[in-house]
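Written below as structure tokens is the structure these notes are about.
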Amino acid sequence: MAGRNFLFVPGPTNVPDRVLRAMAVPMEDHRSSAFPALALECLNGLKAVFKTSQAAPFIFPSSGTGCWEAAVTNCLNPGDRILAANYGQFGFLWIDMCRRLGFEVEVLETEWGTGAPVDRYQAALEADRSHSIKAVLVCQNETATGVSSDVSAIRKALDAAKHPALLFVDAVSALASIDFRMDEWQVDVCVSGSQKGLMLPAGLGITCVSQKALAAAKSAKSRRCYFDYGDMVTTNASGYFPYTPSIPMLYGLRESLKMLAEEGLQNVLNRHTYLAGGVRAAVLDGWKLKLCATEPKWYSDTVSAVMVTEGTNGADIISRAFKRYNLALGAGLARMSGRLFRIGHLGDCNELMLMGALAGCEMAMVDCGMKIAPGSGITAAADYWRRNAPKQAASAK
Ligand code: PLP
């Protein structure tokens with residue numbers, strides 16, 4: 001099909017040309033004396049993105065899922081209890097993985113479209129007098145429903161309950177696009193990946209581990225090998241990896257970290273809030289549709305899950321958008337299958353790129369018989385963006 005594919009799934013996101021160019025490199029010796037400069041620049045640059053001076057970022061040749069597995073197998077003992085909430089497909093998949101790995105998970109079943117139920121987390125922690133819960137899982141941004149949760153409130157719940165459990169956060173679709181604070185929120189493991197806010201292809205599991213979690217990993221008996229934190233700590237200290245790293249991905253990561261620093265991380269976060277505001281104006285004010293997120297406090301600044309009206313299958317809209325307009329939208333997952341479509345608005349993205357996506361959504365919805373006023377979404381988005389300039393933080397280099 002002529003023209004560019006419009007990629008608006010909530011990851012993988014568009015890779016900036018600068019990053020693509022930086023990745024076009026010949027292979028080199030990953031054990032040479034020159035290699036550590038690249039690796040250490042990436043690892044140090046990630047500290048700023050995770051907002052940590054204390055914790056250790058690790059780069060695994062995997063995706064976010066590998067870092068989920070690394071978190072639980074490095075820090076926990078076989079059969080340990082975990083507290084988690086199920087408010088979307090990704091949170092559910094992490095729970096499912098923990099069970100398949102033999103952990104016992106206490107699940108707070110929660111309405112999809114809402115986020116982390118802080119009071120229920122706190123009640124479960126307070127009820128656990130013997131401190132048998134060893135880890136608490138939270139999905140900061142549930143990509144399946146377009147819901148963001150308040151991680152700092154979960155930290156406060158742990159503190160209020162005086163509970164020593166480790167705090168594991170899935171920030172796969174939040175890192176470098178929604179505010180995340182490793183040190184301030186005393187997160188023990190943050191799990192992320194390369195293909196979303198970091199604007200890279202999929203292929204790197206990017207995670208960050210607190211000193212408390214690293215200490216737990218020293219004695220934790222769960223079996224792991226490829227994802228062992230200890231091997232990473234030992235080799236990363238001198239700028240190497242326990243096995244062959246993806247060298248082009250590291251060059252790409254170095255470039256994307258440079259781009260984030262040049263724009264200023266706070267400006268990047270503000271841009272995401274501003275762009276998301278325009279998309280939500282299109283959905284709510286223009287198209288008069290609902291988001292899956294049930295209340296503004298849950299709205300995600302990286303993905304909007306748009307509920308389709310009765311009698312329409314969201315999958316038809318996605319298929320029409322792709323086949324006719326070369327626009328890729330995210331599907332409804334699991335119990336949301338057919339009920340919604342998702343617009344990713346994260347990573348390397350601006351108003352006019354989103355205008356293309358919103359126009360494509362409108363055309364596909366009208367083609368599929370939804371009663372959408374053509375032009376209503378893009379008009380509402382343009383109006384929002386005209387009235388709201390993105391906040392400028394002073395920190396851009
Ligand atoms: N967690 C969230 C919130 C996600 O959105 C995703 C993927 O989209 C994952 C975990 C799984 O990550 P990956 O596909 O990188 O393994």
Side-chain angles (χ1 to χ4, degrees), residues 6-11 85-93 107-117 139 141-149 173 275-346 354-384:
F6 271 63
L7 182 64
F8 285 88
V9 295
N86 172 12
Y87 45 86
Q89 180 64 1
F90 290 102
F92 167 76
L93 287 173
V107 181
L108 306 171
E109 288 298 339
T110 307
E111 185 194 349
W112 286 26
T114 67
C139 185
N141 190 71
E142 179 46 80
T143 323
T145 54
V147 160
S148 278
S149 289
S173 58
L275 291 174
V279 172
R280 287 193 290 265
V283 176
L284 302 170
D285 306 335
W287 302 333
K288 314 272 184 229
L289 294 174
K290 290 199 169 105
L291 289 165
C292 182
T294 55
E295 286 179 69
K297 69 174 177 179
W298 304 124
Y299 289 170
S300 161
D301 282 346
T302 59
V303 51
S304 293
V306 183
M307 303 302 294
V308 298
T309 43
E310 201 69 28
T312 309
N313 187 339
D316 292 341
I317 292 166
I318 294 163
S319 168
R320 179 74 180 175
F322 189 67
K323 290 195 183 129
R324 176 74 196 264
Y325 303 115
N326 209 3
L327 165 66
L329 298 168
L333 303 176
R335 72 181 76 160
M336 290 300 165
S337 174
R339 297 175 58 196
L340 56 78
F341 65 86
R342 295 175 298 146
I343 307 170
H345 32 87
L346 73 164
L354 279 168
M355 277 299 193
L358 294 173
C361 291
E362 277 183 6
M363 290 192 284
M365 284 191 287
V366 171
D367 292 350
C368 291
M370 275 178 69
K371 305 260 174 296
I372 299 296
S376 58
I378 55 172
T379 304
D383 223 46
Y384 179 93

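Taking all atoms of both residues into account, the shortest heavy-atom contact from Leu329 to Ile343 is CD2-CG1, 4.2 Å. The two atoms that bring Ala144 and Ala305 nearest to each other are O-CB, 4.4 Å, heavy atoms only. In this structure, Gly330 and Ile318 approach most closely via the heavy-atom pair O-CD1, 3.4 Å. What you find for Trp298 and Gly113 is that their closest heavy atoms are CD1-O, 3.6 Å.
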In a table with atom names and distances, give each donor-acceptor pair under 3.5 Å that connects a side chain of residues 275-286 to protein atoms at least two apart or in another chain.
| unit_1 | atom_1 | unit_2 | atom_2 | d |
| --- | --- | --- | --- | --- |
| Arg280 | NH1 | Ser300 | O | 3.0 |
| Arg280 | NH1 | Asp301 | OD1 | 3.2 |
| Arg280 | NH2 | Asp301 | OD1 | 3.1 |

For a quick test of your reading: what N or O donor-acceptor pairs under 3.5 Å do the side chains of residues 363-370 make, sequence neighbours left out?
| unit_1 | atom_1 | unit_2 | atom_2 | d |
| --- | --- | --- | --- | --- |
| Asp367 | OD2 | Arg320 | NE | 2.8 |
| Asp367 | OD2 | Arg320 | NH2 | 3.2 |
| Asp367 | OD2 | Tyr325 | OH | 2.6 |

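Here the OG atom belonging to Ser148 is positioned 12.5 Å from the OH atom belonging to Tyr299, to the nearest 0.5 angstrom. A distance of 12.5 Å separates CG in Leu340 from OG1 in Thr312, rounded to the nearest 0.5 Å. Distance check, rounded to the nearest 0.5 Å: CG of Asn141 to CG of Leu346 gives 8.5 Å. Annotation: the span from Phe8 atom CZ to Leu354 atom CG amounts to 5.0 Å, rounded to 0.5 Å. Atom CZ of Phe6 is separated from atom CE of Met355 by 12.5 Å, given to the nearest 0.5 angstrom. Atom SG of residue Cys361 and atom CD1 of residue Ile317 lie 8.5 Å apart, to the nearest 0.5 angstrom.
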Please step through side-chain contact (heavy atoms from CB on, under 4.5 Å) for the pair Phe90 and Ser173, ending with a clear verdict.
-> CA-CA 10 Å; Phe90 290 102; Ser173 58; over 6 Å; no
Begin with the C-alpha distance, continue with both residues' side-chain angles, and end with the deciding distance and a verdict on side-chain contact (heavy atoms from CB on, under 4.5 Å) for Thr145 and Val303.
-> CA-CA 8 Å; Thr145 54; Val303 51; over 6 Å; no
Given side-chain contact (heavy atoms from CB on, under 4.5 Å), test Phe341 with Val308 step by step and report yes or no.
-> CA-CA 7 Å; Phe341 65 86; Val308 298; 3.8 Å; yes
Yes or no on side-chain contact (heavy atoms from CB on, under 4.5 Å) for Leu358 and Trp287, after CA distance, side-chain angles and deciding distance?
-> CA-CA 10 Å; Leu358 294 173; Trp287 302 333; 3.8 Å; yes
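Put simply, the side chain of Asn86 does not reach to within 4.5 Å of the side chain of Thr110, judged on heavy atoms. Inter-residue side-chain proximity for Leu333 and Thr143 is flagged as unmet; no heavy-atom pair is nearer than 4.5 Å.
No donor-acceptor pair closer than 3.5 Å links the side chain of Gln89 to the backbone N or O of Ala334. The backbone N or O of Val147 sits nowhere less than 3.5 Å from a side-chain atom of Tyr87 that would complete a donor-acceptor pair.
Only one option out of Met307, Arg342, Glu142 pairs with Cys292 in a side chain to side chain contact (heavy atoms under 4.5 Å, CB included); it is Met307.
With no hydrogens or angles considered, a side-chain donor-acceptor pair links Ser304 and His345 at under 3.5 Å.
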